[in-house]
Amino acid sequence: MADEKDRKKASNNVLTAEQDDLLDLYIQNLDGYYEELRASDAIQVEIETQHLKKILST
């Protein structure tokens, strides 16, 4: 019964196992890049905020 489900799952796959693993790795790298981008945006906002506070306080 389990073999039959595995065969159906395998026959419905468009990608090979190697391609699927490569796609997973690509998505992980893309997620990492996106998180780094969000972090750099937060840092940039903080820097600009501190700069504006300094300008307004003088």
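- Here the CD-CD1 distance, from E48 to I43, works out to 12.5 Å after rounding to the nearest 0.5 Å.
- Atom CG of L52 sits about 12.0 Å away from atom CD1 of I47, to the nearest 0.5 Å.
- Looking at heavy atoms from C-beta onward, D20 lies out of side-chain contact with N13 at the 4.5 angstrom threshold.
- Note that CD of Q19 and CG of D24 are 12.0 Å apart. Values are rounded to the nearest 0.5 Å.
- Taking hydrophobic clusters as Ile, Leu, Val, Met, Phe, Trp and Tyr residues chained together by side-chain heavy-atom distances below 4.5 Å, L25 does not share a cluster with L15.
- Taken to the nearest 0.5 Å, the CD atom of E35 stands 10.5 Å off from the CG atom of L30.
- In this structure, Q44 CD and L37 CG are separated by 10.0 Å, a value rounded to the nearest 0.5 Å.
- When the shell of 6.0 Å around CD of Q50 is examined, it contains more than 12 heavy atoms from other residues, nucleotides or ligands.
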